[in-house]
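Heads up: the structure comes next, in structure tokens.
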Number of protein chains: 2
Amino acid sequence: MFGREVTTLTDVTERATLKGEQTRELILSTALRLFREQGYGKTTMRAIATEAGVSVGNAYYYYSSKEHLMQAYYDHLQDQHREAVASILATEKAFVPRLTGVLRTWLEVAAPYHEFAGTFFKTAAEPKSPLSPFSDQSRPAREASVEIFRQVVDGSDLKLPADLKAELPELLWLMQMGIVLFWVHDDSPALRRTKSLIDRSVPLVDRLLRLTRLPGVRGVVNDLTALIRTLKT
Amino acid sequence: MFGREVTTLTDVTERATLKGEQTRELILSTALRLFREQGYGKTTMRAIATEAGVSVGNAYYYYSSKEHLMQAYYDHLQDQHREAVASILATEKAFVPRLTGVLRTWLEVAAPYHEFAGTFFKTAAEPKSPLSPFSDQSRPAREASVEIFRQVVDGSDLKLPADLKAELPELLWLMQMGIVLFWVHDDSPALRRTKSLIDRSVPLVDRLLRLTRLPGVRGVVNDLTALIRTLKT
DNA sequence: CGTTCTACTTGAACGTGTTCAAAAGTGAGG
DNA sequence: CCTCACTTTTGAACACGTTCAAGTAGAACG
């Protein structure tokens, strides 16, 4: 159902029984509902188990920690975003509205979870955590996310030197991380500030990218992409 | 002793008794030692209390949570950085080595704590946490940090338009946040990767700043500073 | 049908951060 | 020296994430 299979303590085999799968999803959906209703911090594992009609231990049989339940939510959100973005990618070809649309769609999809998103980022910030956006374990989710931005770039009217074009999707992903960071801290009504950030920063990015044609700018950009490539390995 | 006074549950009056101050510092120094020796996660409040020869409750009388003990450490680190950086600011006037020196000094000062810095960032990432670098409560520490970068800019040979020069210290602070984020995830020997990031990104920033003289670039920069000013309020 | 193997489920118990009512100290005023 | 109000200190108790030894259920095999 959700994008990434969350690995459990016992490394469940691929062909789990039907009943097991049902229990797994029952626990997950109950957890997500309680997270939404009362926030992550106030939702206890005991409450999730009771509400789902199972024992605490059973919840841990399927999800090795409370954080993994949140991870499952994040995967869920990613999938929703991917779906919601398809129509924009299919129709809108101009770079600025194309990127703006993708970013604002994320905002819409994630809106219901804004309140406890802080908790997610809290655990995601820890380097050792599998939830960290930079960790090995979240690589599939990260690559799926970068892939969206690759489509944004490739399907747009942008004309760019090949090396920059190759790095751009990951840079845009990084930009989105920054926006999410801003979003998490944004408590303005209707997320006005984050929306404003998106609407104003995207044209700026666009203009910056077009500037790379200037000879003086070109050198700096080359060094920048070289630096990024070095650091990635 | 340390930069910021950590507020306690009972909002201790300014003139606390001598004995009280001693207990407070005993608890803090014991905590920091144990954090260093065994990491943040493995250090229990009970262990801190026992090692300091007081009761658990007493530790909570002075520091309202385990995180606040970490906050106290962070203030300590900031002060150390400020001191360590003074000689560079006094002597080195060229922008690139001046900024590089400040950033690398931070790395040196923070090195002993690299291992449990992840935990600090974990809690710092939560928006509601007073430890968040964007929170009101950490404003004094943040401003002190930005102030260092203001000195870096003002005392250097950089020639810049006034509006950009005014925003630059905060941008450099943001840059440092990014470097710290990288550092937290960096497990290369002797922090080679983070050092490389500093040594290569600073000249890049320098070149970028000098590019602002180009007419085409100037407009983008103006919009960028305008955007930042908007978002700050 | 009985046996056995595996997937699943249970809930008591543990460790740790945190709270709090009560005890112990401290010192100024009488 | 006593009293009273204050700060400081105590440690038992609580809540919650997590673990684990023990149990149940159902399928596969003889």
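On a predicted model such as this, the values are computed, not experimentally measured, just so you know. All chains are named by letter (A, B, ...) in the order of the sequence lines, taking the proteins before the strands, and each is independently numbered beginning at 1.
Between T23(A) and dT9(C) there is a side-chain polar atom (N or O) within less than 4.0 angstrom of OP1 or OP2. The phosphate of dT10(C) has OP1 or OP2 within less than 4.0 Å of a side-chain N or O from N58(A). Distances shown here put a side-chain N or O of Y61(A) below 4.0 Å from the OP1 or OP2 atom of dC8(C).
Residue V56(A) is classed as a base contact, given a heavy-atom separation below 4.0 Å to a base.
Taking atom OH on Y63(B) and atom P on dT19(C), their separation rounds to 17 Å, with Å as the unit. Counting to the nearest Å, the C1' atom of dG17(D) and the OH atom of Y40(A) are 9 Å from each other. Taking atom NZ of K19(A) as the reference point, atom P of dT6(C) lies 19 Å away to the nearest angstrom. To the nearest angstrom, P of dG15(C) lies 15 Å from NZ of K66(B). Per the geometry, NZ belonging to K42(A) stands 18 Å off C1' belonging to dG17(D), to the nearest Å. Rounded to whole Å, the distance from CE on M45(A) to P on dA13(C) is 20 Å. Distance NE2 (H68(A)) to P (dG17(D)): 16 Å, rounded to an integer number of Å. Summarising the geometry, the separation between CD on Q38(B) and P on dT16(C) is reported as 11 Å, rounded to the nearest angstrom.
Judged by a 6.0 Å distance limit and a 45° cone about the ring axis, K66(B) is positioned over the six-membered ring of Y40(B). For the pair R24(B) and Y61(B), the NZ or CZ position fails the cation-pi test of under 6.0 Å to the six-membered ring centre and within 45 degrees of the ring normal.
Under a 4.0 Å N-O distance rule, the pair D186(B)/R192(B) does not qualify as a salt bridge.
With dT18(D), dT8(D), dT9(C) as the candidates, the nucleotide lying closest to the side chain of Y62(B) is dT8(D). Out of dT10(D), dG17(C), dT9(C), the shortest distance to the side chain of Y60(B) is found at dG17(C). For T44(A), the side-chain atoms get nearest to dC16(D) when compared with the rest of dC16(D), dG11(C), dC14(D).
Between Y73(B) and Y113(B), the gap from one ring centroid to the other is short of 6.0 Å.
For the pair S55(B) and G57(A), both in contact range of DNA chain D, the more 5′-proximal nearest nucleotide belongs to S55(B). Between G53(A) and R46(A), the residue anchored closer to the 5' end of DNA chain C is G53(A), taking for each the nucleotide with the nearest heavy atom.
Taking OG of S201(B) as the reference point, atom CD1 of I179(B) lies at 4.5 Å (rounded to 0.5 Å).
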